[in-house]
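Have a look at the structure below, then the notes.
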Amino acid sequence: MSSPTTTYNTDEYRSVSKAAVACLAFAILSVSAFMTQVFVLLPILGVGFGLVAMANFRRYPNELVGKKPAMIGLVVSLVLLVGSVSMHAIIYATEVPENYQRISFRDLAPNRKTSLPFSEKATELHGKQVFIKGYVRPPSGKKTKLDKFIMVGDFGDCCFGGSPAITDVIAVKINIDQTVNYSYGLRRIGGVFKLNPNSVAPDEKEIPRVYYEIDANYVR
């Protein structure tokens, strides 16, 4: 007499791939990569987790579930990565108005090999029309219809109360019939660059002194 056969349901022991879940989550968030270059990191993470998930499925085919969501997340992340990078590349190539010189906050950082407290390049830029991208750090208590504000190059200093160095900020004054509202988005500012070698007060409690100013005549 043969003994009864015991049947086990192996599905009970299969677990959801955490990498697959992360891949799909980052794929959903990756839509924001079109908003600003900072968020391009999201589809990159989505692709990374997707590749990890697919490798895990090949390695543990009977232990993990979630392959289909991982594939969807990987494809979506790839599409959004290529699309957002292409869009930002096109914008970069065409965003500087005619007769403006592109600069960055890296150009304004002081050279530690010199005794100057500000950038050597800033002396060359004084009085010239420049174009720079950064984030609006609004005055205390006011976040809309700004015609004067502090511009910073770091997302954290703008949006999460960081304490930027004096050479990491620019006091912007808009000289055209236009204002800006505070947001997490990147701003494009063009105008006449001014260097104040002795620094000046920009009427801002959190930023008491600045070396750099821009009289803006182009705001996007």
Side-chain angles (χ1 to χ4, degrees), residues 8-97 100 102-107 131-138 143-144 146 149-162 164 168 178-190 218-220:
Y8 296 96
N9 185 0
T10 57
D11 288 342
E12 295 178 2
Y13 301 97
R14 302 181 74 184
S15 60
V16 177
S17 169
K18 295 179 180 179
V21 174
C23 173
L24 189 59
F26 279 113
I28 295 172
L29 295 173
S30 292
V31 176
S32 59
F34 290 93
M35 296 171 54
T36 177
Q37 295 176 0
V38 175
F39 293 142
V40 171
L41 179 62
L42 296 175
I44 293 175
L45 290 172
V47 171
F49 278 110
L51 294 175
V52 170
M54 299 310 293
N56 288 339
F57 287 126
R58 288 193 296 270
R59 188 175 180 183
Y60 307 106
N62 299 320
E63 288 85 359
L64 296 173
V65 295
K67 187 174 182 179
K68 186 175 181 179
M71 292 180 65
I72 294 173
L74 179 58
V75 171
V76 171
S77 295
L78 277 170
V79 170
L80 294 179
L81 176 60
V82 172
S84 60
V85 169
S86 299
M87 184 197 75
H88 290 303
I90 293 172
I91 290 174
Y92 184 86
T94 60
E95 66 185 349
V96 181
Y100 288 76
R102 182 195 294 274
I103 65 171
S104 70
F105 279 88
R106 288 191 298 273
D107 296 324
F131 172 88
I132 190 169
K133 295 187 291 186
Y135 300 92
V136 175
R137 183 182 174 115
K143 295 187 177 183
T144 60
L146 303 172
F149 58 89
I150 295 296
M151 189 177 198
V152 295
D154 186 87
F155 185 77
D157 290 336
C158 137
C159 305
F160 301 106
D168 292 335
Q178 188 174 346
T179 59
V180 301
N181 296 331
Y182 168 71
S183 71
Y184 290 166
L186 195 67
R187 284 285 177 184
R188 294 165 174 82
I189 300 295
Y218 177 88
V219 180
R220 291 292 183 274

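Counting begins at 1 with the first residue of the sequence.
Using a 4.5 Å heavy-atom threshold, the side chains of I189 and V219 count as touching. By the 4.5 Å heavy-atom criterion applied to side chains, T144 and Y182 are not counted as neighbours. Proximity of F34 to L80: side-chain heavy atoms (C-beta onward) are separated by under 4.5 Å at one or more points. For the pair D154 and D168, the minimum side-chain heavy-atom distance is 4.5 Å or more. Looking only at side-chain heavy atoms (C-beta outward), P69 and I72 stay at 4.5 Å or farther from each other. Side chains of Y135 and R137 form no contact here, defined as non-hydrogen atoms less than 4.5 Å apart.
From I90, atom CD1 reaches atom OG1 of T94 across 7.5 Å, with rounding to the nearest 0.5 Å. Between N56 atom CG and F49 atom CZ the span is 11.0 Å, to the nearest 0.5 Å. Rounding to the nearest 0.5 angstrom, the gap separating the OG atom in S86 from the CD1 atom in I91 is 11.0 Å. Taken from CD1 in I132 to CG in D107, the straight-line distance is 7.5 Å, to the nearest 0.5 Å.
Y218 meets the side-chain hydrogen bond (donor to acceptor under 3.5 Å, both in side chains) test with no other residue; sequence neighbours excluded. Remark: V47 engages L51, L74, S77, L78, L81 in a side-chain contact (heavy atoms from CB on, under 4.5 Å) (not counting sequence neighbours). Residues passing the salt bridge (Lys or Arg N to Asp or Glu O under 4.0 Å) test with R188, sequence neighbours excluded: E95. Partners of Q37 under the side-chain contact (heavy atoms from CB on, under 4.5 Å) rule, at least two apart in sequence or in another chain, are H88, K133. Remark: V75 pairs with V79 by the side-chain contact (heavy atoms from CB on, under 4.5 Å) rule, at least two apart or across chains. In terms of the side-chain contact (heavy atoms from CB on, under 4.5 Å) criterion, residue partners of V16 (sequence neighbours excluded) are, by chain and number, V21, V65.
Both the sub-6.0 Å distance and the 45° axial angle are satisfied by R102 relative to the ring of Y92.
Here the closest heavy-atom approach between residue G66 and residue A20 is recorded as O-CB, 3.5 Å. Pairing each heavy atom of F57 with each of A70, the nearest pair is CE1-CB, 3.8 Å. Closest heavy-atom contact between V40 and S84: CG2-OG, 4.1 Å. Annotation for S32 and L42: closest pair OG-CD1, 3.2 Å, computed over non-hydrogen atoms. Closest heavy-atom contact between V152 and F105: C-CZ, 3.5 Å. Taking each heavy atom of R187 and M151 in turn, the nearest pair found is O-CE, 3.5 Å.
In M54, the CE atom is crowded: over 12 heavy atoms of neighbouring residues, nucleotides or ligands sit closer than 6.0 Å.
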Would you check, one step at a time, whether the test side chain to side chain contact (heavy atoms under 4.5 Å, CB included) holds for M35 with Y184?
CA-CA 9 Å; M35 296 171 54; Y184 290 166; 6.0 Å; no
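Distance alone, capped at 3.5 Å, is enough to place a donor-acceptor pair between the R14 side chain and the L64 backbone.
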